[in-house]
Amino acid sequence: MPLLGPADPLPHVPRRVLVAGNAGAGKSTLCLRIANRCRLRRVELDSLYWGPRWTPRPEFAAEVEALAREDHWVTEYQYTDARPLLLPRADTVVWLDHRFMTVMARLVSRTVRRRANRAELWNGNQESPLWSVFTDSGHILRWGWKSYRRNRARVLALTGEVVVVRLRGQAQVERWLAGPLAAVREERAR
């Protein structure tokens, strides 16, 4: 299957959607918008994966398997253990292929805002102190930097397996939501 762009018609009404992209690309926000527009169950994988004190939850794989068996959902395409469980059931992948500087600016802004506000993320966790970007190889800012090329290659490899919609920049995201996604949603309502 070819890569679809922001104006290309969708071949079906999306029912099981994965949103791919780098950390900071806006995956969670787009998942929520798709869920609201298409009446899909929205599951945030980070909330399933992370337990207290940033420890992985042992129930994660079982919960992802249960989600994958459902008929209608939208979630992020992330986590090594989750991808092979979700991808065979997905009918659509929406790829936020934003420029590197865009995702890094978003990631830095989000991280600083969350840390300054001491925002509770998943299961009581908060962003690490900002100075730890220099000492923690797993810090979200370092992760976003290191994983950008790898994430792009991973999604490009999906073409042929599943419908992939590639959106480059926020204007294309808005165009796709208002165009092809709205069109299939209206067809479904008839």
Side-chain angles (χ1 to χ4, degrees), residues 1-51 55-98 103 121-123 125 147 150-168 170 172-190:
M1 296 182 172
L3 277 174
L4 299 180
D8 294 325
L10 290 167
H12 56 262
V13 176
R15 296 181 338 169
R16 292 178 302 278
V17 182
L18 293 170
V19 177
N22 205 59
K27 295 183 301 294
S28 297
T29 300
L30 185 56
C31 281
L32 190 57
R33 292 179 75 185
I34 292 169
N36 288 337
R37 289 173 188 221
C38 296
R39 295 185 184 101
L40 300 176
R41 179 172 178 226
R42 192 277 185 258
V43 176
E44 189 173 20
L45 287 186
D46 284 329
S47 70
L48 298 181
Y49 186 80
W50 294 113
T55 56
R57 294 176 62 248
E59 306 90 347
F60 178 68
E63 290 173 350
V64 172
E65 280 184 59
L67 169 65
R69 286 192 300 270
E70 293 180 20
D71 287 331
H72 301 91
W73 47 259
V74 58
T75 193
E76 301 86 1
Y77 185 61
Q78 59 187 18
Y79 292 109
T80 303
D81 294 343
R83 285 187 204 106
L85 300 172
L86 294 167
L87 185 60
R89 292 277 296 149
D91 58 40
T92 309
V93 172
V94 181
W95 177 22
L96 295 173
D97 186 23
H98 301 321
V103 295
L121 302 175
W122 311 279
N123 299 308
N125 295 305
S147 61
R150 183 175 56 237
N151 284 331
R152 292 185 86 236
R154 181 181 296 122
V155 179
L156 278 171
L158 298 179
T159 58
E161 286 187 54
V162 65
V163 171
V164 178
V165 179
R166 183 182 194 183
L167 304 174
R168 306 194 79 191
Q170 196 60 37
Q172 288 192 3
V173 171
E174 299 305 326
R175 184 176 179 189
W176 181 76
L177 288 168
L181 187 65
V184 294
R185 195 182 92 214
E186 288 170 13
E187 281 179 31
R188 184 172 147 189
R190 289 183 203 158

Subject >> Exercise: identify the closest heavy-atom pair between P180 and P9 >> reply: CB-CA, 4.4 Å

Original post:
Any side-chain heavy atom of I34 within less than 4.5 Å of one from P14?
Top reply: no

Subject >> Partners meeting salt bridge (charged side-chain N to carboxylate O under 4.0 Å, His left out) with R154 (sequence neighbours left out) >> reply: none

**OP:** Take R89 and E65 through the test salt bridge (Lys or Arg N to Asp or Glu O under 4.0 Å) and record every step on the way to the result.
**Re:** CA-CA 10 Å; R89 292 277 296 149; E65 280 184 59; over 6 Å; no

**OP:** Heavy atoms only: give me the nearest F60-D81 pair and the separation to one decimal.
**Re:** CE2-CB, 4.3 Å

Subject >> Set of residues satisfying salt bridge (charged side-chain N to carboxylate O under 4.0 Å, His left out) with respect to R83, sequence neighbours excluded >> reply: none

Original post:
Within the distance-only criterion (no hydrogens, no angle test), does the side chain of R57 pair as donor or acceptor with the backbone N or O of L48 below 3.5 angstrom?
Top reply: yes

Subject >> Verdict with reasoning, W176 to L4, per side chain to side chain contact (heavy atoms under 4.5 Å, CB included) >> reply: CA-CA 10 Å; W176 181 76; L4 299 180; over 6 Å; no

Original post:
Does W95 use its side chain to pair, donor to acceptor, with the backbone of V155 at less than 3.5 Å?
Top reply: no

For residues 18-31, dump all side-chain donor-acceptor pairs below 3.5 Å to protein atoms at least two apart in sequence or in another chain.
unit_1 : atom_1 : unit_2 : atom_2 : d
N22    : OD1    : S147   : OG     : 3.3
N22    : OD1    : Y148   : N      : 3.3
N22    : OD1    : N151   : ND2    : 2.8
N22    : ND2    : G144   : O      : 3.0
K27    : NZ     : G21    : O      : 3.3
K27    : NZ     : N22    : O      : 3.1
S28    : OG     : E76    : OE2    : 3.1

**OP:** Please check if atom CZ in R42 has more than 12 non-hydrogen atoms from other residues, nucleotides or ligands closer than 6.0 Å.
**Re:** yes

**OP:** Quick one: closest heavy-atom pair of A68 and L86, and the distance?
**Re:** CB-CD2, 4.0 Å

**OP:** Kindly say whether V43 contributes a backbone atom to a donor-acceptor pair with the side chain of T75 at under 3.5 angstrom?
**Re:** yes

Original post:
How are the rings of Y79 and Y49 set to each other: parallel, tilted or perpendicular (split at 30° and 60°)?
Top reply: parallel

**OP:** Give, for atom CZ of R33 and atom CG of L177, the distance between the pair rounded to the nearest 0.5 Å.
**Re:** 4.5 Å

**OP:** Could you tell me whether the side chain of D91 and the main chain of R15 form a donor-acceptor pair under 3.5 Å?
**Re:** yes

